[in-house]
There are 2 protein chains.
Amino acid sequence: MRLGKGVEWAVHTLLNLNMAESGALGTPQLARAHDLPPAYLNKQLQLLVKAGLLVSSVGPHGGFSLARPVEEITLLDVVLAIEGDEPMFRCEEIRCRGTIGELSPRPTGPCQVKSAMRRAERAWHEALAGQKLADIQAELDEEPAVRRIVRSALD
Amino acid sequence: MRLGKGVEWAVHTLLNLNMAESGALGTPQLARAHDLPPAYLNKQLQLLVKAGLLVSSVGPHGGFSLARPVEEITLLDVVLAIEGDEPMFRCEEIRCRGTIGELSPRPTGPCQVKSAMRRAERAWHEALAGQKLADIQAELDEEPAVRRIVRSALD
DNA sequence: GCATCATTACTCGGATAAGAAATGTCCGAGTCGCGCAGG
DNA sequence: CCTGCGCGACTCGGACATTTCTTATCCGAGTAATGATGC
């Protein structure tokens, strides 16, 4: 049960795109910014495009740019874009199989174990949805040099 | 980012052990109860033993039994026992690498992205810790036949 | 000088490998219960 | 009949395959800028 490293890459890259002022940044620059494998980073960014967080443009001077301001992007958006929206607890309904499952009448209502795990998962989602990228950006800005540094490294 | 199926197996098996009244149940019976691969289920149960949720006894009439009542076992205990206690978001400190990392002075304080993800993870843990196995057992008991069925399938 | 066009370099995007982790299987060490022999 | 002992069967526990997923890489299709060319 671990998140792919694409999540970390995506968040930092989105923040970098927010701080940079050039219209669009290509995969090579974004990868060099944090020494990431360019082709694989590109794969993750494509997921962000598919999820509607980024827009991409091809050709020279092409690249990726934010589809909407960081005030409207939550950590949940990023996690779901990268990891997919399948629930992390997969209920295979084992309660309906084996000697117990065969003896039981067809159970009424959903599996209680599944429901309990879903509640916890919902708490996680809500905690993620409650944190926008703008909030993290604000924390970053408490160190005053970051924006300037990022721009000089990217533009 | 998905939990192993061992989590589902563990929760149902712990509940079965709670409902059964025989002193200890072996892997074969517990596996037949839900038609699970016995050897792999055994692997998961060993994790529960290592975490202190189960006690095991060898020899004939041996097997697994609860180490403490279900009122004192939370879903968090089970998840941590099966999945391990490493955090699901692995911060690799990419902010300190690449052109941005080299330009920046050594950053003060922890990574804000990591902190945000940790907050969400804590919410998940708290939601898991707030649900005891006894609570799920109580929901199961609303269908009155379950305990009798489980006993007749296991004992 | 200006518009048109072919070229070119650069981009994304998806198809293709390598590595790691989860899943599944097998066999050995140890132990408890049971049957048997002896007193 | 009672006690002690050897045997056997059953258990857990860890070492060994297989499948799935994550991670990483490569190459092609498409496009926009650019420079040359003709008017």
Side-chain angles (χ1 to χ4, degrees), chain A residues 1-10 13 17 22-32 34-67 79 81-84 86-90 92 94 154, chain B residues 1-10 13 17 22-32 34-67 79 81-84 86-90 92 94 154:
Chain A
M1 180 254 324
R2 21 174 267 257
L3 277 69
K5 47 180 75 170
V7 174
E8 182 183 11
W9 301 2
T13 300
L17 280 169
S22 314
L25 293 176
T27 302
Q29 303 179 53
L30 293 170
R32 271 194 301 272
H34 292 297
D35 192 25
L36 304 175
Y40 191 38
L41 174 63
N42 188 345
K43 202 181 186 65
Q44 314 290 346
L45 297 182
Q46 285 178 35
L47 292 174
L48 295 181
V49 171
K50 198 170 296 182
L53 303 184
L54 289 182
V55 291
S56 63
S57 54
V58 299
H61 290 264
F64 297 92
S65 46
L66 292 177
V79 169
I82 299 293
E83 298 285 329
E86 300 161 32
M88 59 179 156
F89 178 80
R90 305 168 282 171
E92 296 188 350
I94 67 172
L154 288 177
Chain B
M1 183 253 325
R2 21 175 266 259
L3 278 69
K5 46 180 74 171
V7 174
E8 182 183 10
W9 301 2
T13 300
L17 280 169
S22 314
L25 294 176
T27 302
Q29 304 179 52
L30 293 169
R32 272 195 301 271
H34 291 298
D35 192 25
L36 304 174
Y40 191 38
L41 174 63
N42 189 333
K43 204 183 184 67
Q44 314 290 347
L45 297 183
Q46 284 177 36
L47 292 173
L48 296 182
V49 171
K50 198 171 297 185
L53 302 184
L54 289 181
V55 290
S56 63
S57 54
V58 299
H61 289 261
F64 297 92
S65 46
L66 292 177
V79 169
I82 298 293
E83 297 285 330
E86 300 162 34
M88 59 179 157
F89 178 80
R90 302 169 284 169
E92 296 188 350
I94 66 173
L154 288 178

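Each chain gets a letter, A, B and so on, in the order the sequences are listed, and its residues count up from 1.
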Report, one line per pair, each donor and acceptor closer than 3.5 Å where one atom sits in a side chain of residues 36-48 of chain A; sequence neighbours left out.
residue	atom	partner	partner atom	Å
Y40(A)	OH	Q44(A)	NE2	3.1
N42(A)	OD1	Q46(A)	NE2	3.2

| query | When the distance from CG of L41(B) to P of dT11(D) is rounded to whole Å, what number comes out? | reply | 13 Å
| Test log, rule side-chain contact (heavy atoms from CB on, under 4.5 Å), inputs L25(B) and F64(B) | CA-CA 5 Å; L25(B) 294 176; F64(B) 297 92; over 6 Å; no
| Sugar-phosphate or base contact per nucleotide [nucleotides 8-20 of chain C; S, B, -; heavy atom under 4.0 Å] | ---SSBBB-----
| query | What integer distance in Å separates L36(A):CG from dA24(D):P? | reply | 9 Å
| message | Pair L17(A), L30(A) - check side-chain contact (heavy atoms from CB on, under 4.5 Å), show working. | response | CA-CA 9 Å; L17(A) 280 169; L30(A) 293 170; 4.2 Å; yes
| field | Interatomic distance where OH belongs to Y40(B) and C1' belongs to dC16(D) [whole Å] | value | 15 Å
| query | Once you round it to whole Å, what is the distance between P of dT25(C) and CD of Q44(B)? | reply | 13 Å
| request: For residues R90(A) and L3(B), report the shortest heavy-atom separation together with the two atoms involved. | output: NH2-O, 3.3 Å
| said: Distance check needed: dT23(C) C1' versus E83(B) CD, whole Å only. | reply: 12 Å
| said: Measuring to OP1 and OP2 of dT23(D), would you say a side-chain N or O of R90(B) lies under 4.0 angstrom away? | reply: yes
| message | A side-chain contact here means heavy atoms from C-beta on lying under 4.5 Å apart; do H34(B) and W9(B) qualify? | response | no
| message | Applying side-chain contact (heavy atoms from CB on, under 4.5 Å) to M1(B) and R2(A), what does each step give before you reach the verdict? | response | CA-CA 6 Å; M1(B) 183 253 325; R2(A) 21 174 267 257; over 6 Å; no
| task | Would you kindly give the CG-to-P distance between L47(A) and dA24(D), to the nearest whole Å? | result | 14 Å
